[in-house]
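Structure record follows, encoded as structure tokens.
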Amino acid sequence: MVSEDSIGIATDLPWPQTPAQAIALQRELAGRVLRVDDVGSVRRVAGVDVGFPGGGQIARAAVAVLSFPDLRPVEQAVAELPVAFPYVPGLLSFRELPAVLAALAGLAELPDLLLVDGQGLAHPRRFGIACHLGVLTGLPTIGVAKTRLVGAHDPVPDRRGAWVPLHDRGEVIGAVLRSRVGVRPIYVSVGHRLSLERAVEWVMACTGRYRLPQTTRAAHALASTGA
DNA sequence: GCGACAG
DNA sequence: ATCTTGTCGC
């Protein structure tokens with residue numbers, strides 16, 4: 001029973017009710033992640049983030065769409081839904097994605113690329129929230145996290161744009177990127193339909209004078225204030 | 001058994 | 001994530 005809205009976002013999805021079901025679904029969907037570059041021309045880039053106003057019973061998702069490459073605000077959408085899944089490290093998407101999908105459905109036009117607040121492949125089962133959102137929407141996505149979930153890495157040179165690979169169990173799962181000199185690095189990983197190298201380039205192209213990309217900052221502001 | 005642990 | 005003011009440092 002899957003319904004779609006006018007711009008093609010499925011909203012009424014079957015959803016796991018327990019951590020065990022969620023993990024099984026991640027293992028199944030992880031095989032659908034595309035790591036090859038297939039982004040196309042990007043005119044609209046969006047930041048995606050979720051806040052929990054009040055006691056934390058409500059999830060408020062925000063999508064901030066910016067023009068590319070000038071990064072000017074062009075559209076935004078917010079959606080609030082009751083929280084239906086607890087926060088469990090590794091299962092973040094099951095808590096936040098329902099609200100995110102609702103917010104995306106409220107846009108007049110879909111973005112060409114999504115920067116998601118959280119991990120992509122840099123996840124225990126290689127299926128963080130950025131991968132999950134990419135697979136569900138079919139859109140190119142990138143995971144941009146402020147802290148590490150899994151993996152190890154060498155020190156990152158303190159130069160803007162420098163990055164080192166993030167390793168886990170013998171494979172490269174992401175990039176630890178110095179988006180700005182003198183600040184903690186950010187964790188970038190493939191979400192869907194692009195390579196790690198291109199993901200890092202897109203993130204840098206969306207980043208100005210701050211540690212986090214403009215897209216992420218705009219979405220965060222929207223998700224926490226609601227307007 | 002003792003830590004680590006996106007948001 | 002959220003609850004919260006001032007304060008240390010560049």
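Each chain gets a letter, A, B and so on, in the order the sequences are listed, and its residues count up from 1. In what follows, every heavy atom counts, from backbone to side chain, and hydrogens, waters and symmetry copies are set aside.
The two atoms that bring A:A77 and A:L107 nearest to each other are CB-CD2, 3.7 Å, heavy atoms only.
Residue side chain A:Y87 fails the stacking definition with respect to C:dA1, as its ring centre and the base's six-membered ring centre are not both under 5.5 angstrom apart and under 30 degrees in plane angle.
Taking 4.0 angstrom as the limit, A:R148 places a side-chain polar atom (N or O) nearer than this to OP1 or OP2 of B:dC5. Between A:T147 and B:dG7 there is a side-chain N or O to OP1 or OP2 distance below 4.0 Å. Side-chain nitrogen and oxygen atoms of A:K146 include at least one within less than 4.0 Å of the OP1 or OP2 phosphate oxygen of B:dG7.
The distance between atom CG of A:L91 and atom P of B:dA4, rounded to the nearest whole Å, is 20 Å. With rounding to whole Å, A:Q119 atom CD is found 11 Å from B:dC5 atom P. Atom CG in A:L133 sits about 15 Å away from atom C1' in B:dA6, given to the nearest Å. Here the C1' atom of nucleotide B:dA6 and the CG atom of A:L177 are 17 Å apart, to the nearest Å. Atom pair A:R95:CZ and B:dC5:P shows a separation of 19 Å (rounding to whole Å applied). Separating the CZ atom of A:R60 from the P atom of C:dT2 is a distance of 9 Å, rounded to the nearest angstrom. Here the P atom of nucleotide C:dA1 and the CZ atom of A:F94 are 20 Å apart, to the nearest Å. If you measure from atom CD1 of A:I58 to atom C1' of B:dG7, you get 17 Å, rounded to the nearest angstrom.
Judged by distance alone, the side chains of A:D37 and A:S195 do bring a donor and an acceptor atom under 3.5 Å apart.
Among the protein residues, A:H220 comes within range of the sugar-phosphate backbone only, with heavy atoms under 4.0 Å from sugar or phosphate atoms but none that close to a base. In this structure, A:G128 reaches the bases: a heavy-atom distance under 4.0 Å links it to at least one base atom across the strands shown. Counting any heavy atom pair closer than 4.0 Å across all strands shown, A:L97 reaches no nucleic acid atom. Counting non-hydrogen atoms under 4.0 angstrom, A:G90 reaches a base of the nucleic acid.
A:Y210 carries A:R217 over the face of its six-membered ring, with the cationic atom under 6.0 Å from the centre and within 45° of the normal.
Here the side chains of A:V39 and A:R198 are not in contact, with every heavy-atom distance at 4.5 Å or above.
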Q: Check the pair A:W163 / A:Y187 against ring-ring contact (aromatic ring centres under 6.0 Å, His included), numbers first and verdict last.
A: CA-CA 10 Å; A:W163 64 276; A:Y187 296 76; over 10 Å; no
